[in-house]
2 protein chains.
Amino acid sequence: MAFRVTAFDVAQRAGVTQPTVSRALNGSPKVSDETRAKVLQAAQELGYVINQNATRLRRGETMTLAVVLIGRAGESATETNPFYFSLLGSVAAAATARGYNLLVSFQDSPENFFGQYDDARQADGMIVIGTTQNPEAWAYFRGLDHADKAWVCWGAPDDDLRWVRSENEGGGRIAARYLLDCGRKQPVFIGARTSQQRQFGERYEGFAEELRSAGIVATAIEVDETLSREEQGVEAVRSLLQSGQAFDAIFAACDLTALGVLGALADSGISVPERVSVIGFDGIRAGNYSSPPLTTIEPDFQQAGDLLVQNVLNRIAGEPLTQRRVPVQLVKRGS
Amino acid sequence: MAFRVTAFDVAQRAGVTQPTVSRALNGSPKVSDETRAKVLQAAQELGYVINQNATRLRRGETMTLAVVLIGRAGESATETNPFYFSLLGSVAAAATARGYNLLVSFQDSPENFFGQYDDARQADGMIVIGTTQNPEAWAYFRGLDHADKAWVCWGAPDDDLRWVRSENEGGGRIAARYLLDCGRKQPVFIGARTSQQRQFGERYEGFAEELRSAGIVATAIEVDETLSREEQGVEAVRSLLQSGQAFDAIFAACDLTALGVLGALADSGISVPERVSVIGFDGIRAGNYSSPPLTTIEPDFQQAGDLLVQNVLNRIAGEPLTQRRVPVQLVKRGS
DNA sequence: ACAGATTTTTTCATCGATACCCCCTCGTAC
DNA sequence: GTACGAGGGGGTATCGATGAAAAAATCTGT
């Protein structure tokens, strides 16, 4: 193990005491410029770096946020919904910009997260992504007493939780408007609208409302939530075709489902966008490469990360519950 | 700030001293079963959780690994190559399985990583992903004195570094064999083969060798590394068509490039797989959704994560330099 | 030149664990 | 009955920083 330089070594070299080194490096006003310069130089020469564990122990603050990505039961971390990966990236950027470190873990079932991170003083707060796709995890979070927990989640369905979500209703409206502008008259929504999937429900509501204002009644195909998102799309198209119901457009609750829809339509020889228009929601990268490329509603990822981080930091600072919406926009591609 | 339970509180409740609590919880053999039971119960009743910062300070060990994802300059974290996201997922799984935490950061330029993580005692070791796509970062890592640094990287081109890579040559062979089995006679390799992109070079070499054994001379289209991976594929197809060179199969150095190739071929009205077969490398999820779905060479992600984590842990344990290869397999889809 | 007000630095305690050394039992051997 | 050894815990120092209080150095003004 290499010898580690401590503040004491720096102090010795700079000819001051160790606490002075600490103050100099932390920018305390109670140290003269001259001394600070000496200390900084000594620190540089020795390659000194503050031991964060000591600082954290002393300060009781970690400058670290934990991100927990909750997958579907049995799903490996590698298979995580790409939308969540992008969200993770934007959260990382936002945390870094605020000087916070990010501790990341992938879980497919609930753990004693708060014990592991907050109580163990590994993180000051927690950002949870993906609860809505895992009923067990959702139950865990709902059962908590939230009074003294600093956390925020993406898309939680509950009103008493601190969350950040997409502008789902607005997005649903935009989707409907887009399909109407394509001249479609019989659009169908595909997705789960359970109480847990509140985000999907919101998308549907905005969608239905916009259609209504155009004098069209929205229809929806419910899906089996035990299937993967993609299979949900495949299955929905299958049952839609079997039902004999006429349709000329599909709004899928999320992009993976939309990709399943595209595949199923292609398999059935139904051309997109000639006979049926398809629009998704999430803006995942894979949508760029499908055939045709998937038109979608994409949330502003940068803001999503920013708001998640900001929200949990607000909580840490003791501010009251806030829930924020991330603006979305239409990304027209080929479907 | 909520009152935090310390080992002292547990000791008091269990009627022992604080160090005994520590021993009991750490499974020391020097504590009787009876005492241990008392301690465990008291700890449970109080909801006690060890403060990791204190432990780390004392032990000088963090049980944390840092993962640094290096993107292309100017690329946002959200746009990270999905292959790296999958790798990140598998690294997370492997780290968790070994009781390690994961600190994640996305960077698009070199920082003083070792100061930030190792010297600051935030992590015991570092896993670096993506250096090969960022010349500046590569230069940083090459310029280091590696003697006392515990780190491993994915796909580094250098022989004196600790790395884990795919079985690139073998994968190249498999790709060639696949194209030959499809009855192709004029396959072309598309990708950068700079000294930095050693992995791509290896893929090409395996590819060329397998072709040679079938009496075919491999050709390759070099690409402009300043373009995105995807655009590289698009551009390569364009210049290939312009050159008038005949070809009936393409092996792209990575899946994003392959997706660009598929798009460019479609735009040129060249049908895949009827007129041209295409195979990629990486096994990214988006390849499932392209049209046709992308045939590819996929590394075993679980092993990739395992080997990365294992390798850096070996280094931490003081074992000599090791470089490991991850087995790959052919994933036949539609291209 | 000296008391008093400031500025700067030192001294010392502290965060919450772990590690080492020592001591007290109690059991076994002689 | 005494000695010795092992097992089980207690006492105390320590990891490396920060914060508060005390002390020293410097600067005022008269």
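No experiment lies behind these values; they were computed from the predicted model shown. Below, read A as the first sequence line, B as the second, and so on, with proteins coming before strands; counting in each chain starts at 1.
Proximity of the aromatic rings of B:Phe141 and B:Trp151 is defined here by a centroid distance below 6.0 angstrom, and this criterion is met.
A:Asp33 places its CG atom 14 Å from the P atom of C:dT7, with the value rounded to the nearest Å. If you take CD of A:Glu34 and P of D:dA25, they are 15 Å apart, rounded to a whole angstrom. Distance, B:Leu57 CG to D:dA17 C1': 8 Å, rounded to whole Å. The distance from atom CZ of A:Arg36 to atom P of C:dT9 is 10 Å, rounded to the nearest whole Å. As rounded to whole Å, 17 Å separates atom C1' of D:dG16 from atom CD of B:Glu61. In this structure, A:Gln12 atom CD and C:dT10 atom P are separated by 13 Å, rounded to whole Å. Rounded to an integer number of Å, the gap from B:Asn51 CG to C:dT14 P is 18 Å.
Checked by atom type and distance alone, the side chain of B:Arg324 never pairs as donor or acceptor with a backbone atom of B:Val164 at under 3.5 Å.
In this pair, B:Phe106 and B:Phe85 present their aromatic rings tilted. The plane angle is within the 30 to 60° band.
Across all strands, A:Asn53 comes closer than 4.0 Å to no nucleic acid atom at all (heavy-atom distances).
Summary of the strand contacts: B:Arg59 and B:Lys30 both lie near DNA chain C, and taking for each the nucleotide with the nearest heavy atom, the more 5' one is attributed to B:Arg59.
With a 4.5 Å cut-off on side-chain heavy atoms, B:Leu65 and B:Leu313 count as touching. The closest side-chain heavy-atom distance from B:Pro327 to B:Gln303 is below 4.5 Å.
In this structure, CE on B:Met126 lies 14.5 Å from OG1 on B:Thr64, to the nearest 0.5 angstrom.
For A:Ile50, whose side chain is taken as the heavy atoms from C-beta onward, the closest listed nucleotide among D:dG8, D:dA17, D:dG16 is D:dA17.
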Every protein N/O within reach of nucleotides 10-13 of chain D N/O, cut-off under 3.5 Å:
from	atom 1	to	atom 2	distance (Å)
D:dG10	OP2	B:Thr17	N	3.3
D:dG10	OP2	B:Thr17	OG1	2.8
D:dG10	OP2	B:Thr20	OG1	2.4
D:dG10	N7	B:Arg23	NH2	3.1
D:dG10	O6	B:Arg23	NH2	3.4

